[in-house]
Amino acid sequence: MSQPSPEIHDEEPRQPRPFHVEEALAALIMGVLCLITFANVLTRYFTSISFAFTEEFSVFLVVVMTFVGAATAFTRGHHLAITFLVDKLPARGRVWQRRFALLCGLAVFGVLTWWGALMWWDDYETGLTSPGLGLPQWWYTLAVPVLSALVEFRLLQLLFRKSVP
């Protein structure tokens, strides 16, 4: 009778991760992107006619996905980071550096929220419409300040945790 390999027993059981609305939203966006792109490809293949709205919606959904992905990456601690020097700091220095990095992220997304809101207001006031469908452009630009604020919310959550990841 063979013995099970030791690495199977050495693994700790995985803890379930808490649910984040960003993950569900990302899955929904990816599904919609796949469906409208697939529908456009099929329609173009069989009828030589392209759906005009698919590019417009796809670009919008990719922008939304970028912000959702940023919020998720910050929440999980998987954002882009170069930690060669930071890893050499003592534990207390790493905590302060992490807080500084979170404050820098807050500043960047604060600027995006502000300028995105100005861009949204300009689109709203001028009545600018989208080129493909003629929808009010502010429907699309509203995503920038709203989702930047979502990222800021996640950064604030991280900043005020007792243990900064």
Side-chain angles (χ1 to χ4, degrees), residues 14-40 53-165:
R14 288 188 176 186
Q15 298 296 323
R17 285 183 314 149
F19 173 79
H20 290 285
V21 69
E22 291 95 341
E23 294 173 7
L25 186 58
L28 177 68
I29 290 170
M30 288 302 292
V32 170
L33 275 169
C34 288
L35 285 175
I36 64 174
T37 303
F38 184 66
N40 191 34
F53 74 91
T54 58
E55 182 182 353
E56 194 169 297
F57 282 157
S58 294
V59 168
F60 168 70
L61 290 174
V62 168
V63 169
V64 171
M65 185 67 128
T66 301
F67 283 99
V68 170
T72 303
F74 276 115
T75 301
R76 291 185 185 173
H78 292 159
H79 56 82
L80 182 62
I82 300 171
T83 61
F84 178 74
L85 294 175
V86 174
D87 290 343
K88 300 198 180 316
L89 292 173
R92 190 170 191 151
R94 286 192 303 270
V95 168
W96 282 106
Q97 182 282 329
R98 177 72 173 142
R99 290 189 188 282
F100 177 72
L102 291 172
L103 288 171
C104 289
L106 276 169
V108 167
F109 282 97
V111 168
L112 272 173
T113 302
W114 175 256
W115 286 104
L118 290 176
M119 181 177 65
W120 168 79
W121 183 250
D122 185 58
D123 287 350
Y124 181 78
E125 273 193 325
T126 59
L128 187 67
T129 58
S130 65
L133 295 174
L135 296 173
Q137 186 69 31
W138 67 265
W139 289 6
Y140 298 123
T141 56
L142 183 60
V144 174
V146 169
L147 295 172
S148 293
L150 168 70
V151 175
E152 286 185 291
F153 174 71
R154 290 299 188 195
L155 287 168
L156 284 169
Q157 282 182 321
L158 291 171
L159 190 61
F160 290 110
R161 269 191 197 162
K162 289 195 186 264
S163 63
V164 177

- Can you list the steps and then say if Phe67 with Leu112 is a side chain to side chain contact (heavy atoms under 4.5 Å, CB included)? CA-CA 11 Å; Phe67 283 99; Leu112 272 173; 4.1 Å; yes
- Trace of the side chain to side chain contact (heavy atoms under 4.5 Å, CB included) decision for Arg76 with Glu22: CA-CA 11 Å; Arg76 291 185 185 173; Glu22 291 95 341; over 6 Å; no
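Looking at Thr75, Leu150, Leu102 one by one, the single match for side chain to side chain contact (heavy atoms under 4.5 Å, CB included) with Leu155 turns out to be Leu102. Only one option out of Trp138, Tyr140, Trp139 pairs with Tyr124 in a ring pair (Phe, Tyr, Trp, His ring centres under 6.0 Å); it is Trp138.
Gln157 and Arg154 are linked by a side-chain donor-acceptor pair at a separation below 3.5 angstrom, with hydrogens and angles left out of the test.
Residues Arg94 and Leu89 share a closest heavy-atom pair of NH1-O, 2.6 Å. Residues Gln137 and Ser130 share a closest heavy-atom pair of OE1-CA, 3.3 Å. Listed here is the closest heavy atom pair of Val144 and Met119: CG2-CE, 4.1 Å. In terms of heavy-atom proximity, Thr113 sits nearest to Ser148 at OG1-CB, 3.1 Å.
For the atom pair OG1 of Thr126 and CH2 of Trp121, the computed distance is 11.0 Å after rounding to the nearest 0.5 Å. Interatomic distance, Phe160 CZ to Arg99 CZ, rounded to the nearest 0.5 Å: 8.5 Å. Between the CG atom in Leu35 and the CE atom in Met30 there is a gap of 11.0 Å [rounded to 0.5 Å]. A distance of 11.0 Å separates CD of Glu56 from CG of Leu61, quoted to the nearest 0.5 Å. In this structure, CG in Leu156 is found 4.5 Å from CG in Leu106, a value given to the nearest 0.5 Å. To the nearest 0.5 Å, the span separating CZ on Phe109 from CG on Leu147 amounts to 10.0 Å.
Looking at Leu33 and Val62, their side chains come closer than 4.5 Å, going by heavy atoms from C-beta outward. Looking at Trp120 and Val146, their side chains never come closer than 4.5 Å, going by heavy atoms from C-beta outward. No side-chain heavy atom of Asn40 sits less than 4.5 Å from a side-chain heavy atom of Ile36.
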